[in-house]
Each structure stands twice: as structure tokens, then as C-alpha cells.
Amino acid sequence: MIRARILGTGSYLPADVLTNADLAARVDTSDEWIIERTGIRKRHIAAAGEFTSDLGTAAARRALDAAGLASADIDLIIVATATPDQTFPACATVIQHKLGMAGGVAFDIAAVCSGFLYALSVADALLTSGAYRTALVIGAETFSRLLDWEDRATCVLFGDGAGAVVLRAETGTGSNQDRGILAHRLHSDGRYNDMLFVDGGPGSTGTVGKLRMKGREVFRHAVTNLAAVMAETLAVIGLTPADVDWVVPHQANLRILEGTARKLDLAVDRIVVTVDAHANTSAASVPLALDTAVRDGRIKPNDLLLLEAMGGGFTWGAAAVRW
Ligand code: UT7
């Protein structure tokens with residue numbers, strides 16, 4: 001059977017850093033409140049003229065280098081983003097062009113903070129079907145451009161960044177000891193559209209709009225849904241939380257990460273945490289965390305990783321990956 005294996009990871013963060021103290025100078029908040037309620041200490045913000053496609057291209061180049069491949073080896077690019085440079089063309093085709101590619105297929109997926117999990121799952125399906133051989137899956141966002149910088153309840157939570165992985169179709173045995181993507185489960189429930197949304201768009205207001213969120217409700221659903229989909233994904237391959245070496249979660253709030261781990265009886269030191277340094281980078285947060293833990297040596301060959309995310313829609317999902 002075919003397995004989609006991750007051959008390399010890469011990430012990119014814009015140079016400008018915005019600290020909690022910087023935010024406290026703009027809105028009625030404090031470093032103490034932000035750290036205590038979210039775990040966030042700083043976030044990166046894209047420079048004027050620096051677009052989501054630039055962040056995604058930089059992350060993709062680093063992932064290709066790590067995999068030892070060139071863009072000419074890629075036949076599939078999927079970009080998860082809610083902040084494309086333009087309404088269309090797809091950010092994926094912009095990145096395809098910036099990587100100097102003329103072949104292959106490139107398209108975007110919109111599932112907000114769950115976007116990387118959705119993109120990874122679609123790439124897995126397209127690779128394991130035999131239709132494509134080598135894929136770039138990218139999560140790239142400039143959420144700073146969607147924020148209402150006067151709303152202290154949301155502007156302190158997000159940052160910009162990008163992460164990418166290179167996946168290749170390889171032969172596996174079909175057992176849960178294979179290296180590569182072993183299972184994924186996705187969910188969405190549009191009844192909750194109004195809990196986390198942007199109040200504009202090309203087909204309604206003709207404006208970009210600003211992010212709006214009912215934070216407490218999102219928090220409650222996140223812990224419940226994430227714990228459920230993580231257990232569900234492991235059950236597909238006959239494994240349990242005790243088998244997991246590293247949880248690589250969407251980085252929205254440290255309390256969500258810890259609350260979810262507690263529900264599954266997972267030790268908190270098994271969670272890769274980057275929310276302190278990156279804040280919530282939406283679709284970029286899972287591949288940014290993955291790249292961080294791969295490069296610092298925490299993630300080792302044959303480790304079992306559980307990736308998870310939850311976001312606007314609601315959308316949520318998880319993937320089990322043997323490294
Ligand atoms: O990617 C997925 C999407 N996002 C999330 O997963 C985020 C989910 N939600 C959360 O992370 C949390 O709900 C928040 C961090 C957004 C808020 O934390 P909370 O503990 O749920 O606080 P709260 O919304 O219940 O607000 C508590 C108080 C309020 O004041 P009152 O009404 O009690 O007087 C807020 O007005 O904190 C106030 N507050 C702030 N105070 C200082 C809200 N934002 C701030 C702020 N600084 N930045």
C-alpha cells in the first residue's frame with residue numbers, strides 16, 4: 001500500500017516582533033493578563049508589502065531544502081490560508097510561480113485554523129490514490145491584516161507566519177508501524193459560523209472585514225472537540241493516547257492545549273508548545289510547531305505524532321503521523 005511520508009519541514013516568521021508590552025501601549029491590556037489567559041508572550045507581524053505568498057514561499061523553500069528536493073520534483077501544492085494575497089488567483093498558484101514552477105497542480109483550502117489538517121488530509125488522499133507523487137503542503141497566514149486593532153479581546157491573540165511540509169508517496173506495509181500519515185479525521189459544523197468569523201468578504205460587503213470571536217464559547221468547544229477527534233483518529237489505527245510521543249497542536253491558547261491533554265490523560269510535556277513565541281498563526285501554527293520540534297531534535301524517527309486543530313466554521317481535525 002502507499003503511504004504519504006513527510007520528507008522535510010520548513011517555516012518562516014516575519015522579522016518584526018510585537019510584544020505584549022507593545023500591545024499594552026495600544027489597548028487596555030497587560031502582559032500579565034495575556035500570559036495568564038493565553039500563554040502568549042509575543043507574535044511576529046508581516047512588514048508592509050510582505051504577503052502571505054511571500055511567507056509561504058520562504059517556508060516552502062526551507063521544507064524543500066530539508067527534504068533534499070527541488071521545486072521541479074513537486075507535482076502538487078496545497079496551501080491552507082484564510083488570508084490570500086488576493087481574492088483570486090489562489091495563493092497556491094502565486095507560490096507555485098514564486099518557486100519557479102510551471103507544472104503540477106496548485107490550489108488553496110479554506111478551513112481557517114484547521115486548514116493545515118484539511119490540506120494534509122487532502123494531500124494524503126491524492127498521494128495514496130496514486131494520482132500524485134510529491135506534494136508541498138503549506139499553511140501561511142497574515143492574520144494581522146484581519147484584526148481589529150482596537151478590540152483587545154482578539155488583537156492580542158494572533159500573529160503572522162508560515163510552515164510547510166514536503167510529502168512523498170512511498171510503499172508501506174499497511175501496519176500502524178509504517179512511517180508516514182497513518183490516519184486522519186476531519187469535522188465541520190456550520191451551525192457555529194457566528195462564533196468565529198470575519199465580518200466582510202468579496203461576495204457580501206465587498207470589503208475584507210475584521211475578525212470577530214466569542215472567545216469563551218470557542219474555548220469550550222475547542223477542548224471538547226479536539227479531545228474527541230484525537231481519540232477518534234488514534235482508534236482508526238488501533239492506538240491510544242499512551243502510544244503518542246508528541247502532540248503537535250494548533251497553537252491558540254496554552255490553556256486549550258493543557259485542557260485537551262488532561263482530557264486524554266496525556267502528559268503536558270508531550271505537547272509541542274510554540275504559542276508563547278508565535279501566538280495563533282491560524283493555518284500556519286501546526287506546521288510551524290512541527291518544524292520547530294523537528295529542527296530542535298525533539299521529534300525522532302519512528303515517533304508517533306498526533307497533529308490537531310480547531311477553527312472557524314467550526315472546523316476541526318486530527319492526523320496521526322509516524323515520523
Ligand atoms: O484558533 C481557534 C480560535 N481561537 C481560540 O481558540 C480562542 C479561544 N478562546 C480563548 O482563548 C479565550 O476565551 C480568550 C483568551 C479569548 C479569553 O479568555 P477568557 O478567560 O475566556 O476571558 P473572557 O473572554 O471570559 O474575558 C474575561 C475578562 C473580560 O472582562 P469582564 O467582562 O470579566 O470584566 C474581558 O473583557 O477579560 C477581559 N479581557 C481582557 N482584559 C485584558 C478580554 N480581553 C482582554 C485583554 N486584556 N486583552
Side-chain angles (χ1 to χ4, degrees), residues 18-43 80-83 110-118 139-144 146-161 163 186-189 192-199 210-230 247-261 263 271 273-276 278-289 307-318:
L18 190 67
T19 65
N20 292 347
D22 296 332
L23 281 162
R26 289 193 194 186
V27 289
D28 182 15
T29 190
S30 64
D31 185 39
E32 296 70 33
W33 191 95
I34 300 171
I35 291 174
E36 188 195 314
R37 299 294 178 118
T38 72
I40 298 167
R41 292 172 185 272
K42 60 189 174 95
R43 68 286 291 144
T81 188
T83 47
V112 211
C113 297
S114 312
F116 185 77
L117 266 299
Y118 274 59
E141 303 275 21
T142 46
F143 254 50
S144 61
L146 290 180
L147 298 177
D148 175 350
W149 288 100
E150 290 178 1
D151 176 15
R152 68 175 183 173
T154 53
C155 76
V156 303
L157 302 174
F158 296 90
D160 300 335
L186 300 175
H187 294 278
S188 40
D189 189 342
Y192 299 103
N193 275 331
D194 65 348
M195 298 274 173
L196 175 51
F197 63 102
V198 169
D199 63 4
K210 297 289 179 211
L211 182 147
R212 308 291 172 205
M213 177 166 68
K214 294 178 186 159
R216 208 174 300 181
E217 285 85 346
V218 177
F219 189 108
R220 197 166 46 79
H221 281 90
V223 174
T224 308
N225 291 344
L226 287 170
V229 76
M230 287 161 78
V247 179
V248 186
H250 172 49
Q251 311 281 326
N253 185 321
L254 187 59
R255 291 187 296 139
I256 294 179
L257 307 191
E258 292 176 347
T260 309
K263 261 187 183 277
I271 309 172
V273 178
T274 52
V275 68
D276 53 332
H278 305 164
N280 181 347
T281 57
S282 182
S285 85
V286 170
L288 263 165
L307 282 49
E308 49 92 329
M310 145 104 191
F314 289 144
T315 54
W316 65 103

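Ligands are counted one by one from 1 in listed order, and the atoms in each one are counted from 1 as well. Note: hydrogens, waters and symmetry copies are ignored here, and every other heavy atom, side chains too, is used. If you read the sequence from its start, that first residue is 1, and numbering goes on from there.
Proximity of a side-chain donor or acceptor of Asn20 to a complementary backbone N or O of Ile40 within less than 3.5 Å is detected.
A donor-acceptor pair shorter than 3.5 Å can be found between the side chains of Glu141 and Thr83.
Around the CD atom of Glu150, the shell of radius 6.0 Å holds no more than 12 heavy atoms that belong to other residues, nucleotides or ligands. Heavy-atom neighbours of Arg212 CZ from other residues, nucleotides or ligands within 6.0 Å: above the threshold of 12.
Ligand 1 is surrounded by Asp28, Thr29, Trp33, Arg37, Thr38, Cys113, Arg152, Ala153, Val156, Leu157, Leu196, Met213, Gly215, Arg216, Val218, Phe219, His250, Ala252, Asn253, Arg255, Ile256, Asn280, Met310, each with at least one heavy atom closer than 4.0 Å.
Under the side chain to side chain contact (heavy atoms under 4.5 Å, CB included) test applied with Trp149, the options Val27, Leu23, Thr154 reduce to a single match, Leu23.
For Tyr118, the ring-ring contact (aromatic ring centres under 6.0 Å, His included) criterion is met by no residue, not counting sequence neighbours.
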